[in-house]
Amino acid sequence: MPKRIPLPLPKIRRDSMPIEIALAARRSIRKYRKGEAITLEQLSQLLWACYGVSDPSRRFLTTPSAGATYPLEIYVAVYPGGVSADWGFVDPGSYRYDPYSHSLELVKEGDTRYKLFKACLDQPWVLDASVAIVIGAVYERTTSYYGSRGVRYVHFEVGHAGQNIYLEATALGLGTVAIGAFYDDEVSSIMGLPPSVKPLYIFVVGVPETQPSVKESEISSFILANRKE
Ligand SMILES: Cc1cc2nc3c(=O)[nH]c(=O)nc-3n(C[C@H](O)[C@H](O)[C@H](O)COP(=O)(O)O)c2cc1C
C-alpha cells in the first residue's frame, strides 16, 4: 500500500462555474448515489480549494489565516471504492493532506465508514458518502501569537476552509454537507489524529442524487416581496 499519494496538480479553470452561480447553488446535500466514487482529480480540487497553496512565494494557502499561522490540519477518510484513479481505487484509510506537496500521506489503513457514521451520531449521509474530509486544528500555532483570542481565530479559519469545500464541491457538481455533530475523541481515534490536532469540522462528500438548481427569479421575487409593507 503506497504511503504517499501525489495528487493530480490543482487546476485553476478559467471556465469554472461563476462565483454567483456557485453561491446560489451551494446547498447541504445529504443524498448521494450509493457506491459511486468521486475521482482523484475531484478530491485533489476539493483539498486544494480547502487548504491548498495559492501563493507559493509566501507559502500562503487558499484560506485566510490570522497572521498566516495556518493552524488547520486536513485529513481525509477514503471509503472503500470511494475514490477512483487511473490505476484503480484509492486504498481505503485515513490520510493527511500535505498542502505543500499536494499529496496524501497514509495515516491508517482500513475502512472507517461505519465507525465514522457511529461517531457522527448515526447520520446516514456519513455512511452513503464517498469520502469524509476531517478538518482539525493545532490551536497553539495561533494562540502562541494571539493568546486566548487565537481560539476565536482558529474557529473563523475552519469556517473559511469549510466554505471553500462547499463552493468547490458545487463547482465540481459534487454534494457535501458540513458535520459539526460528532464525538471528538472517537473521530480522533478513527482518523489517527495526533494529540496536538483537535477535530473541529467534517465534510462528507459524494456524487449527489440531484443537483440543486439556481433560481435567480425566485430569489429576486422573494427579495422584492420583502420590500412591500
Ligand atoms: C457549524 C455547522 C454544523 C453543522 N452540522 C451539521 C450536522 O452535524 N449534520 C448535518 O446534516 N448538517 C449540519 N450542518 C448543515 C446545516 O444543517 C445546513 O447548513 C443548514 O440546514 C442550511 O442549509 P444549507 O447549507 O443547504 O444552506 C451544519 C452546519 C454548520 C454551519
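Counting starts at 1 for both ligands and their atoms, following the listed order.
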Could you find the nearest protein heavy atom to [atom] and give me its residue, atom name and distance?
| atom | result |
| --- | --- |
| atom 14 (N) of ligand 1 | A178 O, 3.2 Å |
| atom 11 (O) of ligand 1 | R30 NE, 2.8 Å |
| atom 5 (N) of ligand 1 | G180 N, 2.9 Å |
| atom 23 (O) of ligand 1 | S28 OG, 4.0 Å |
| atom 9 (N) of ligand 1 | Q123 OE1, 2.6 Å |

Which of the ligand 1 atoms, numbered from 1, are nearer than 4.0 Å to a heavy atom of [X]:
| X | answer |
| --- | --- |
| A181 | 8 (O) |
| I179 | 5 (N), 6 (C), 7 (C), 8 (O) |
| R27 | 24 (P), 26 (O), 27 (O) |
| R26 | 24 (P), 25 (O), 27 (O) |
| V177 | 10 (C), 11 (O), 12 (N) |

query = Do any heavy atoms of Y201 fall under 4.0 Å from ligand 1?
reply = yes

request  = Determine, for E209 against R33, whether the closest basic-nitrogen to carboxylate-oxygen distance falls under 4.0 angstrom.
outcome  = no

inquiry  = Both conditions, 6.0 Å and 45 degrees, for the charged tip of R141 above the ring of Y70: are they met here?
reply    = no

ask   = Looking at T170 and A25, what are the two nearest heavy atoms and their distance?
value = CG2-CB, 3.7 Å

remark   = Smallest heavy-atom separation, V204 atom then V126 atom, equals CG1-CA, 4.0 Å

inquiry  = We want to know whether S84 and T39 form a side-chain donor-acceptor pair, criterion being a heavy-atom distance below 3.5 angstrom.
reply    = no

query = Is there at least one protein heavy-atom neighbour under 4.0 Å from atom 20 (C) of ligand 1?
reply = no

